[in-house]
Amino acid sequence: MKRRHLIAATALPLLGCVEPQDISGGFSGANYGRGHMLRDSGSWPTPHVLRKTKILIAGGGVAGLAAARALRLQGIDDFALLELEDTAGGNSRGGAVNGIACPLAAHYLPLPSDAAPEVQDLLEELGLRQRVAGRWQYDERHLCHSPQERLFFNGAWQDGLLPLQDVGADTLAQYRKMSVLVEQLRTRSRWTIPCSGRALDALQRELASLTFLAWLDQQGLTDPHLRWYLDYCCRDDYGAGSARVSAWAGIHYFASRHGFNVPGTESQEREAVLTWPEGNAWLTRRMAAPLKERLQTATVVLRIASVKHGVEVDAFNVATQTLERWQARRAIVALPLLAAAQVTENAPDFLRQAAARIAYAPWLVANIQIAAGLTDRAGAAPSWDNVLYGAPGLGYVDAMHQSLQSTPGATVLSYYRALGDMAQGRRLLMNRPWATWRDDILAELALAHPDLASKTRRIDISRYGHAMAIPLPGQVNHAPVPSSARMRFAHSDWAGYSVFEEAFTLGHKAA
Ligand SMILES: Cc1cc2nc3c(=O)[nH]c(=O)nc-3n(C[C@H](O)[C@H](O)[C@H](O)COP(=O)(O)OP(=O)(O)OC[C@H]3O[C@@H](n4cnc5c(N)ncnc54)[C@H](O)[C@@H]3O)c2cc1C
């Protein structure tokens with residue numbers, strides 16, 4: 001792969017009339033300056049502005065927004081939600097590049113099963129799910145249109161992500177073996193999304209104690225194509241590959257959803273997913289809208305303390321450049337564990353220990369604006385999700401895929417890369433100049449789209465240093481989230497891995 005990338009990189013300037021240096025863009029996304037204020041949180045002066053509310057929610061990601069919604073459903077209106085960024089949504093925020101909507105991170109939601117009744121309820125409230133003639137139906141406009149996914153493999157595009165073209169009988173036999181093993185595990189244990197708060201059985205505990213790679217070794221699953229695919233799935237969902245995540249996580253990916261599907265077997269159905277040009281921001285914007293002035297963005301929570309009759313929360317209001325003190329009866333701390341442990345005064349042991357255990361995967365999302373449809377290699381048609389075999393990145397989703405345009409045209413391609421396998425991943429993410437990322441990403445994708453560089457006009461890169469918890473062996477939390485007398489905690493970090501359903505359910509339950 002390295003050699004191929006090198007060739008593509010050196011070929012880059014020859015590919016068209018736009019030189020890489022003519023491509024505009026820069027870093028966008030999470031605000032590091034504000035996030036890093038927490039490091040100094042011990043040294044802030046006493047605030048002069050005093051505000052009161054009944055319940056204070058810290059953090060406006062999916063978990064915080066779900067908590068706010070649940071309070072409203074209980075008829076509690078006296079609350080405030082403080083969010084560091086200029087808009088709520090956290091990892092489920094959206095943006096736009098030159099007027100074309102695109103996700104800044106999370107971009108889809110699988111149809112929730114009956115194990116996620118709170119999420120089902122939200123989708124019903126938003127009009128995405130309704131009962132027709134006794135059966136639940138989802139709004140077709142928001143279900144991912146076909147073709148859903150394709151893989152660039154052996155110089156051509158193929159349908160689906162499991163490498164199939166000319167792979168040979170041994171590989172197919174290993175695919176079938178994996179499928180059988182997943183099915184056996186699926187019937188022996190309960191696999192659900194969300195999983196937080198549900199105890200593991202003995203078999204799952206065993207799987208949670210070793211890496212997925214070690215389990216594959218034990219099973220004799222050594223085929224390189226199978227291993228690439230499984231590693232890709234782990235990086236895509238957990239931010240780190242099969243050598244780091246637990247076997248529980250590797251199996252959960254399939255067993256909690258559609259199983260491990262092999263062409264030629266009965267269960268070949270693709271997973272139905274909801275998606276939008278702006279990604280899951282379609283959901284979070286609708287969750288935030290009813291909050292009105294109760295949502296205060298651009299506000300950095302610096303300190304949360306239990307006091308005699310409630311909680312005291314100190315926060316920096318970026319708009320007024322003032323420190324505010326909030327007094328509330330209770331707080332719902334919907335912050336990443338790292339931040340929760342930093343801002344909670346006299347943090348309880350369970351919080352400090354949970355924060356010390358967690359390993360975070362850094363992520364990069366590049367929104368690439370292209371002026372016209374790309375020249376494609378042979379094979380499967382452009383899909384929503386487009387992945388390159390063996391590449392360092394996870395491929396890209398096309399923001400215009402849900403539009404009804406019949407031929408590919410101007411669009412934004414959202415490219416994803418997880419850095420949870422790199423020892424210095426966070427440092428690389430923060431220190432590498434934008435232009436180096438630009439050239440790297442264009443070279444990687446040029447293998448499948450030789451004219452990409454010449455059609456690219458702008459690249460906006462979002463960096464997430466502590467994007468999501470990696471479900472390492474022994475790391476997934478299946479106990480109910482602990483609370484203290486005046487504080488409840490909710491964030492996907494408490495589940496040990498990060499998806500919408502975990503964050504939403506934890507937020508809902510905290511409220
Ligand atoms: C690149 C990427 C792609 C993803 N794709 C998907 C996907 O397609 N589907 C899916 O289901 N999930 C996806 N996820 C997982 C995603 O993290 C979850 O779906 C969900 O958005 C997590 O919500 P949360 O509330 O747990 O956390 P967060 O999104 O981390 O929310 C925490 C909030 O707290 C705020 N905050 C932090 N510190 C402070 C402070 N001191 N004061 C005030 N506010 C503060 C943050 O700004 C943030 O808004 C993806 C994640 C990443 C990083």
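Both ligands and their constituent atoms are indexed starting at 1 by order of listing. The structure displayed is predicted, hence computed values, not measured ones.
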Q. Could R257 and Y253 be counted as a cation-pi pair, given that NZ or CZ must be under 6.0 Å from the ring centre and within 45° of the axis?
A.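 Positive - R257 is close enough to the ring of Y253 and near enough to its axis.
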
- NZ or CZ of R285 within 45° of W282 ring axis and under 6.0 Å: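 So R285 doesn't make the cation-pi contact.
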
Q.
Which label fits F254 and H258: parallel for a plane angle under 30°, tilted from 30 to 60°, or perpendicular past 60°?
A. perpendicular

May I ask whether [X] places a heavy atom under 4.0 Å from ligand 1?
| X | answer |
| --- | --- |
| W363 | yes |
| V343 | no |
| T299 | yes |

For [atom], what's the nearest protein heavy atom and its distance?
| atom | result |
| --- | --- |
| atom 48 (C) of ligand 1 | E83 OE1, 3.5 Å |
| atom 9 (N) of ligand 1 | Y108 O, 2.8 Å |
| atom 36 (N) of ligand 1 | L335 CD2, 3.7 Å |

Which of the ligand 1 atoms, numbered from 1, are nearer than 4.0 Å to a heavy atom of [X]:
| X | result |
| --- | --- |
| M468 | 50 (C), 51 (C), 52 (C) |
| S492 | 22 (C), 24 (P), 26 (O) |
| H491 | 24 (P), 26 (O), 27 (O), 28 (P), 30 (O), 31 (O), 32 (C) |

Look up atom CG in L323 and atom CZ in R303, then write down how far apart they are to the nearest 0.5 Å.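 Taking CG in L323 and CZ in R303, the distance rounds to 11.0 Å.
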
Short version for V365: what comes under 4.0 Å of ligand 1, heavy atoms counted, is side chain

Q. Do the side chains of I459 and L442 get nearer than 4.5 Å, heavy atoms only?
A. yes

Quiz item: Taking the six-membered ring for Trp, are the ring centroids of W384 and Y108 within less than 6.0 Å of each other?
Solution: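 Yes, the ring centres sit under 6.0 Å apart.
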
If you compare S462, G59, P336, A63 by their heavy atoms, the one closest to atom 37 (C) of ligand 1 turns out to be P336

Closest to atom 13 (C) of ligand 1 by heavy-atom distance, out of A298, G89, A106, is A106

*asked:* Quick check: S92 and ligand 1, any N/O pair under 3.5 Å apart?
replied: yes

Review point. Do you see a donor-acceptor pair shorter than 3.5 Å between the side chains of T322 and N317?
Key: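 No, N317 and T322 have no side-chain donor paired with an acceptor closer than 3.5 Å.
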
